4 protein chains.
Amino acid sequence: MAATTRPTRPRLRERYDRRQDAVVRAAARVFAHRGYDQTTIQELAASIDLAAGGIYHYVGSKEQLLELICDQLMGPLLERARVLLAEAAEPDAQLRALVRLWVEHVTEHRDHMLVFQQERHVIERGARWRRIREDRKRFEQMLEGLIAPLHAAGRLGVADERLALAALLGMVNHTAQWYRPRGRLSPAEIADGYVDLLFGAPRAPVDP
Amino acid sequence: MAATTRPTRPRLRERYDRRQDAVVRAAARVFAHRGYDQTTIQELAASIDLAAGGIYHYVGSKEQLLELICDQLMGPLLERARVLLAEAAEPDAQLRALVRLWVEHVTEHRDHMLVFQQERHVIERGARWRRIREDRKRFEQMLEGLIAPLHAAGRLGVADERLALAALLGMVNHTAQWYRPRGRLSPAEIADGYVDLLFGAPRAPVDP
Amino acid sequence: MAATTRPTRPRLRERYDRRQDAVVRAAARVFAHRGYDQTTIQELAASIDLAAGGIYHYVGSKEQLLELICDQLMGPLLERARVLLAEAAEPDAQLRALVRLWVEHVTEHRDHMLVFQQERHVIERGARWRRIREDRKRFEQMLEGLIAPLHAAGRLGVADERLALAALLGMVNHTAQWYRPRGRLSPAEIADGYVDLLFGAPRAPVDP
Amino acid sequence: MAATTRPTRPRLRERYDRRQDAVVRAAARVFAHRGYDQTTIQELAASIDLAAGGIYHYVGSKEQLLELICDQLMGPLLERARVLLAEAAEPDAQLRALVRLWVEHVTEHRDHMLVFQQERHVIERGARWRRIREDRKRFEQMLEGLIAPLHAAGRLGVADERLALAALLGMVNHTAQWYRPRGRLSPAEIADGYVDLLFGAPRAPVDP
DNA sequence: TATGAATGAGCCTTCATTCAT
DNA sequence: CATGAATGAAGGCTCATTCAT
């Protein structure tokens, strides 16, 4: 999958994979702060204690680095989401669970997420990014699939189904921009807050 | 304010301002699609039927162009928001009005907005961008000022006041990424949807 | 034809073409001496009193420079050869005329020729160089077309027709490597010498 | 002579020499096809089933590899030529024999020859290559020594002695570029063809 | 011996910016 | 005002070479 030659012997390959992973992770961090284009391969390399050329043992190009960051972000998210949806449960419970999962993922991959958002214009164009775009699409469809029945049941806080989805996407994605690890709210609380908003719910008990 | 020599005679100055405005607007469009760093001054110039050098009659540097885009975005928004807040009205009505104003502004300045978001990492750092950062802060404080009493009155759909603000920011800002001019929903409808979500309200009729 | 934007206004275009021509010619000279790969664009630029970047106004890439050198070499040669062959004349006279033309061209374009030969391995491979290869082929076919009847008439100094062609090619092409402008022999004399060898002729008068 | 540590024990040394020879030979092949500069040590190593580092057990540097290729080419040629010239024989017979020897050598070392020609610009400059240049010079002088008396005797097909030498060099060297092992003509036949051309001869017997 | 990771110098190329016309 | 040529500073990437294992 990588454009560079991956060792064959299991011992070496393992080490190689571990390091590649570290390179990508470091890249996510630096790109998130300095911006993809404004980050030099030299800077990036320095941040991993590697000479500039060393990066290219693990990554074929700067652009591929971006690709790998997206993969590290979307791969596990989709995987975990699929597992979750495979379980039998009510749509509202599943949506809540999925949003929790998602917010947790976003907060754990803040850097990846920020890069993903900032480089939107790159990802939206060109055949090379089709896979990434499809991954995102797939995730949105999972959300849609859960929102639809809830909408049909009149459980949503807005009349328009699609607006609900867009709002949810906006809220959760934006989380990467303000969430701080040791903040007042845990990822789960944040997620629940979003879902509550979507359901227009929590005030119900307040009424009487 | 511009780094280039602005004509003194009113007739010329007017024309100059008009053209500068067009340049900035064009830049917003191209930057939104290709990305700031990935857009060449040449490309930008070509899109306005100008040679590369021509840009520099109206703009001092590429970076200043980014600054002007932010100004074109935040200036009028803050201005209109201030006017609105100066009127006497209930917080909930004002919040709804402000969100409408805001969503309208975002949809009318989609390109500006997208650039603003993508270049977050630039704007977040450096003295040069302090003014821009403050503008954004100021706007958020307006929202906060309206949300606080609503929260105190138990009118919000979430327990945490700041989460409400963050959610609102996420929803509205994200709008720039999916809104299409001739879509099903008008900016006002979208704005109302967001506010409804925030209030956890619209299901009110469900009550009895 | 060039990969760079050529001016539209005739005045400028003329200057542009003249300079591009000069760039290519300079490149031929430097490449011939230092070798294509071992020549830096910087060095090349310096030899024309241009900053490194300046080259790229006239040429799209280093590789294209090689292409243009080949064109400058083969284009006029083929053109002049075609004109010559269009005239009515005996094959032996035409061959002699063609070889003269050819040797003159080679000596006038020594640098181009040396580059052409040294970069043989590049030109022999890849779609990009097809046109160049065809040009060379075309010229060889012209020679073949003249040699064939002479061979049939038993006029050649060797039994094998193709060997005659190969020998001729070897002799003439090699000329670029030893010819010096103010040497003992003029290009025409050299050419005649080659043709004499090919005809196995001049000693005829010696016989009696 | 090699810059790398050559084993002392005869058994090992033999194996070492054999392998070094193979490395050089492989290099000749790859360089001939891809070009010296355009061939990576990695590519070269791969073509001998060796990792990049492995090459350096047998060769001190890439440049030395080029030197060794030249040696593998010129060494045996000069040796065999000396032996031949040491025998007593008429100049014309010796020239014919020498050209045969030479053409055979060229066809057997096509790759070496092609590299030698392509890297002309390297070999022509610098103290390091003096020895190689002298080897070539020496060989040319042998040819000259045979051509001179033939010229004096009016046996050549051209008036100019040096032109004859240049033509011969051109023909034979060029052979590497078109000769194919199982072609119509054997190296000896090719050689004889060249000599015939030089003598302007073969048709003589035809006359009567 | 052999391997593959790592280095670091260097090169092609891009591009914001300047300036003579 | 506008143009397009020219500059020159970087930056991504390659690759010969070294070295611990």
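What you are looking at is a predicted structure, and each value in this text was computed from that prediction instead of being measured. Every chain is numbered from 1, with letters handed out A, B, ... down the list of sequences.
Residues from residues 114-128 of chain D with heavy atoms under 4.0 angstrom of DNA chain F: there are none.
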Tell me, what's DNA chain F's dot-bracket, Watson-Crick or G-U with both distances under 3.5 Å, | for other-strand, [ ] crossing? .||||||||||||||||||||

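Residues D:L73 and D:C70 have side chains not in contact (no heavy-atom distance under 4.5 Å, counting atoms from C-beta outward). When side chains are defined from C-beta on, A:R6 counts as touching A:D17, because their heavy atoms get closer than 4.5 Å. Looking at B:R34 and B:T40, their side chains never come closer than 4.5 Å, going by heavy atoms from C-beta outward. In this structure the side chain of D:I48 reaches within 4.5 angstrom of the side chain of D:I55, judged on heavy atoms. Residues A:Q20 and A:L68 meet the side-chain proximity criterion, which asks for heavy atoms closer than 4.5 Å.
With the nearest nucleotide of DNA chain E identified for both C:A52 and A:D49, A:D49 has the one nearer the 5' end. Nearer to the 5' terminus of DNA chain F, by closest-nucleotide assignment, is the contact made by C:Q42 (compared with the other of A:Q42 and C:Q42). Each of A:G53 and B:G54 lies near DNA chain F, and the nucleotide nearest B:G54 is the one positioned closer to the 5' end.
Contacts of A:L12 with the nucleic acid, taken as non-hydrogen atoms under 4.0 Å apart, involve only primed sugar atoms and P, OP1 or OP2. Among the heavy atoms of the strands lying under 4.0 Å from B:R15 are primed sugar atoms or P, OP1, OP2 only; no base atom is included. Using a 4.0 Å heavy-atom criterion, one finds that C:T8 contacts no nucleic acid atom at all. Backbone-only engagement by A:I41 is indicated by non-hydrogen atom pairs under 4.0 Å involving sugar-phosphate atoms exclusively.
Using cut-offs of 30° and 60° on the angle between ring planes, the pair B:Y36 and B:F31 is perpendicular.
The outermost nucleotides of DNA chain E lying under 4.0 Å from heavy atoms of chain C, listed 5' to 3', are E:dC11 to E:dT14.
A distance of 13.0 Å separates CE of A:M74 from CZ of A:R133, quoted to the nearest 0.5 Å. Rounded to the nearest 0.5 Å, atoms CD1 (A:I132) and CG (A:D71) are 4.5 Å apart.
F:dC1 atom C1' lies 11 Å from atom OH of B:Y16, rounded to whole Å. Put simply, NE2 on B:H57 is 5 Å from C1' on F:dA2, counting in whole angstrom units. In this structure, CD1 of C:I55 is placed 10 Å from P of F:dT7, rounded to the nearest angstrom. Between the CG atom of A:L44 and the C1' atom of F:dG12 there is a distance of 12 Å, given to the nearest Å. The separation between A:K62 atom NZ and F:dC13 atom P is 8 Å, rounded to whole Å. With rounding to whole Å, A:L65 atom CG is found 10 Å from F:dC13 atom P. Computed from coordinates, the A:Y56 OH to F:dG11 P distance equals 12 Å when rounded to whole Å.
Of all non-hydrogen atoms in A:L114 and A:A32, the two that sit nearest each other are CB-CB, 4.1 Å. The minimum heavy-atom distance linking B:I123 with B:W129 is given by the pair O-CB, 3.3 Å.
Considering D:Q118, D:Q117, D:R120, D:E119 in turn, D:R120 is the only one that fulfils the side chain to side chain donor-acceptor pair (under 3.5 Å) rule with C:Q118.
A salt bridge does not link A:D111 to A:R25: none of the charged nitrogens lies less than 4.0 Å from a carboxylate oxygen.
Proximity of C:R11 to the phosphate of F:dT3: no side-chain N or O atom is located under 4.0 Å from OP1 or OP2.
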